[in-house]
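The figures here come from the full heavy-atom set of this structure, side chains too, leaving out hydrogens, waters and symmetry mates.
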Amino acid sequence: MNPLNFRSDYARSKQGLSELTRLIYDVFDVDVSPLDRLGHDPSVVVFGWWRGNELVANVSLYERQLWLMGEPVSALGVQSVAVRPEWRGKGLFRDLMGRALSFADARVKLVTLATGTPSLYTPFGFRQIEEATFSAGLALRQTRASCRQLSLDDERDAAFVRDMFSRRSPTSLVASACDHPALFMLKAVETPEIELLHLPDLDAVVAVKGREGSSMTLLDIVAPSIPSLEAIVSALGYTGERIDVHLTPDRLSWTPEEQTHFDNGHMVRGFFAPEGRAFMLSDMQI
């Protein structure tokens, strides 16, 4: 049997990205290959064990730019944690997490991740954070629809979204992220019910679900200046009865009627200033 080799040099190579894409698909049945066209996050750092030309275990880190309680915070996020089934139980996951966290601890004071299996990460000092969604009924109102649906299959629209990200303002000063658009766009591609809509009068792109129903969910806002929720609803021409907001609403000039505890799978390692408050980091990531 060929021995395993540790590598951390494959995030920028075509062969390395191809193997990472294959590993993620084989383990999670998630296709990240659209990022070959839409753009990979250049901040990603990888840690992996290889058997010959096959990647058998991986942990990645990516740079995060957060706003937390009014302060900009640089953090690192853990992603793409995967071990092929036949290589599990051999210590590869623990080894790569140790390497990744040593790298992170030398550079930042906060590390984040999103997972459906939190028990795997508590031994590494991660703890779950409780988030909230925000909602309210909508009264009868005048709307003036002024929006265009974007398609990430269209390179012009994809380039437009990337440009908007380069100019975006934080959606919240209490808790929000201004990360690279890779995960945002991948979430939109992998989730057909999510619409990306350009609101030209507001110079904004919004991600929403359920626009044709009685209850609409606002998932994210990408804009140089965050519009009010009322202006967004009006520009969408939305005439439903209720709005659910999946981001911290302090910049929306809006007071929610309800807050609902929500497990978004987020965990943190280090000081997280909004902990214990009602907040929501965007779930436009995968």
Applying the 4.5 Å side-chain criterion to the ILVMFWY set and letting contacts propagate, would V83 and I24 be lumped into a single cluster? no
Does any part of the side chain of R251, heavy atoms only, come nearer than 4.5 Å to the side chain of P170, both counted from C-beta? yes
Rounding to 0.5 Å, atoms OG (S33) and CG (L186) come to a distance of 9.0 Å
Tell me every residue that passes salt bridge (charged side-chain N to carboxylate O under 4.0 Å, His left out) with E130, counting only those two or more places apart in sequence or in another chain. none
Would you confirm whether S102, through its side chain, and G98, through its main-chain N or O, come within 3.5 Å as a donor-acceptor pair? yes
Note, L197 side chain near L150 side chain (heavy atom, < 4.5 Å): no
Test of understanding: with salt bridge (charged side-chain N to carboxylate O under 4.0 Å, His left out), list the residues that count as partners of D244, not counting sequence neighbours. R242
Counting heavy atoms not belonging to Y25, are there more than 12 under 6.0 Å from its OH? no
Decide side chain to side chain contact (heavy atoms under 4.5 Å, CB included) for R269 and Y121; before the verdict, give the C-alpha distance in whole Å, the side-chain angles of both, and the deciding distance to 0.1 Å. CA-CA 10 Å; R269 183 176 188 264; Y121 299 95; over 6 Å; no
For the residue pair F47 and F103, does the interplanar ring angle fall in the parallel (under 30°), tilted (30 to 60°) or perpendicular (over 60°) class? perpendicular
Apart from L17 itself, what residues make up its hydrophobic cluster, given side-chain heavy atom links below 4.5 Å? none
Non-hydrogen atoms of W254 and I243 that approach each other most closely: CZ2-CG2, 4.1 Å
So, for S169 and P224, which heavy atoms are closest and what is the spacing to 0.1 Å? CB-O, 3.1 Å
Taking all non-hydrogen atoms of both residues, which atom of G137 and which atom of E257 are closest, and how far apart? N-OE1, 3.2 Å
Regarding R167 and D203, does a basic nitrogen lie under 4.0 Å from an acidic carboxylate oxygen? yes
Would T248 and D250 count as a side chain to side chain donor-acceptor pair (under 3.5 Å) here? Give the steps. CA-CA 6 Å; T248 317; D250 55 289; 5.1 Å; no
Name the atoms and distances for all side-chain donor-acceptor pairs under 3.5 Å in residues 65-78, with sequence neighbours left out.
unit_1 : atom_1 : unit_2 : atom_2 : d
Q65    : OE1    : S74    : OG     : 3.3

Residues in ring pair (Phe, Tyr, Trp, His ring centres under 6.0 Å) contact with F184, at least two apart in sequence or another chain: F165
Using the test salt bridge (charged side-chain N to carboxylate O under 4.0 Å, His left out), find all partners of E155 that sit at least two apart in sequence or belong to another chain. R162
For residues 20-34, which residue pairs qualify under salt bridge (charged side-chain N to carboxylate O under 4.0 Å, His left out), counting only residues two or more places apart or in two chains? E19-R22, R22-D26, R22-E54, D26-R84
Side chain to side chain contact (heavy atoms under 4.5 Å, CB included) between V189 and D153, intermediate numbers included: CA-CA 9 Å; V189 169; D153 292 330; 5.9 Å; no
Identify whether the distance between the nearest side-chain nitrogen and carboxylate oxygen of R211 and E195 falls below 4.0 Å. yes
For W50, ring pair (Phe, Tyr, Trp, His ring centres under 6.0 Å) partners two or more places apart: Y10
Derivation and outcome, side chain to side chain contact (heavy atoms under 4.5 Å, CB included), residues V233 and L236: CA-CA 5 Å; V233 170; L236 291 173; 5.8 Å; no
For Q15, does its backbone N or O pair with a side-chain atom of S18 as donor and acceptor, under 3.5 Å? no
Side-chain donor or acceptor of S172 paired with backbone N/O of A175 under 3.5 Å: yes
Check: V46 main-chain N/O paired with N58 side-chain donor or acceptor under 3.5 Å: no
Does F134 have any ring pair (Phe, Tyr, Trp, His ring centres under 6.0 Å) partners at least two apart in sequence or in another chain, and if so, which? none
Got a second to check how far M185's CE is from R37's CZ, nearest 0.5 Å? 8.5 Å
So, for D263 and G265, which heavy atoms are closest and what is the spacing to 0.1 Å? OD1-N, 3.0 Å
Using only atom types and a distance under 3.5 Å, with no angle test, would you say the side chain of R168 pairs donor to acceptor with the backbone of I221? yes
Enter the distance from T112:OG1 to D179:CG here, rounded to the nearest 0.5 Å. 8.0 Å
Can you tell if the side chain of F272 reaches within under 4.5 Å of the side chain of L110, non-hydrogen atoms only? yes
Is it the case that over 12 heavy atoms from other parts of the model lie below 6.0 angstrom from the CZ atom of R88? yes
Show the atom names and distances, to 0.1 Å, of all donor-acceptor pairs under 3.5 Å that link a side chain in residues 279-286 to residues at least two apart or in another chain.
unit_1 : atom_1 : unit_2 : atom_2 : d
S282   : OG     : D220   : OD2    : 3.1
S282   : OG     : M284   : N      : 3.0
Q285   : NE2    : H266   : NE2    : 2.6

Any T171 side-chain heavy atom under 4.5 Å of L252 side chain: no
In terms of hydrophobic clusters joined by side-chain contacts under 4.5 Å, are M164 and I194 together? yes
State, to 0.1 Å, how close N5 and W49 come at their nearest heavy-atom pair, and which atoms those are. C-CE3, 3.3 Å
Is the shortest heavy-atom distance from the side chain of L4 to the side chain of V56 under 4.5 Å? yes
Quick one: list whatever passes ring pair (Phe, Tyr, Trp, His ring centres under 6.0 Å) with F160, sequence neighbours left out. H198
Could you grab the distance from atom CG of L202 to atom OG of S146, nearest 0.5 Å is fine? 7.5 Å
Hey, any chance Y238 and I232 share a hydrophobic cluster, counting ILVMFWY side chains that come within less than 4.5 Å of each other, even indirectly? yes
Mind checking salt bridge (charged side-chain N to carboxylate O under 4.0 Å, His left out) for D95 and listing every partner two or more places apart, or none if nothing turns up? R99
Would you confirm whether H40, through its side chain, and P42, through its main-chain N or O, come within 3.5 Å as a donor-acceptor pair? no
Under 3.5 Å: donor-acceptor pair, side chain of D157, backbone of S151: yes
Would a 4.5 Å heavy-atom cut-off, applied to side chains only, mark F126 and V111 as touching? yes
N53 CG: over 12 foreign heavy atoms closer than 6.0 Å: no
Quick one: does V268's side chain get under 4.5 Å of R127's, heavy atoms only? yes
Hey, any chance V45 and L20 share a hydrophobic cluster, counting ILVMFWY side chains that come within less than 4.5 Å of each other, even indirectly? no
Validation row: V208, L219 side chains within 4.5 angstrom (heavy atoms): no
Verify, without hydrogens or angle tests, whether S234 (side chain) and E230 (backbone) share a donor-acceptor contact under 3.5 angstrom. no
Heavy-atom pair with the smallest gap, counting every atom of P200 and C147: CD-CA, 4.3 Å
Joint hydrophobic cluster, V44 plus V27, side-chain heavy atoms closer than 4.5 Å: yes
L38 and L152: CA distance, side-chain angles, deciding distance, side chain to side chain contact (heavy atoms under 4.5 Å, CB included) verdict: CA-CA 8 Å; L38 296 170; L152 294 179; 4.2 Å; yes
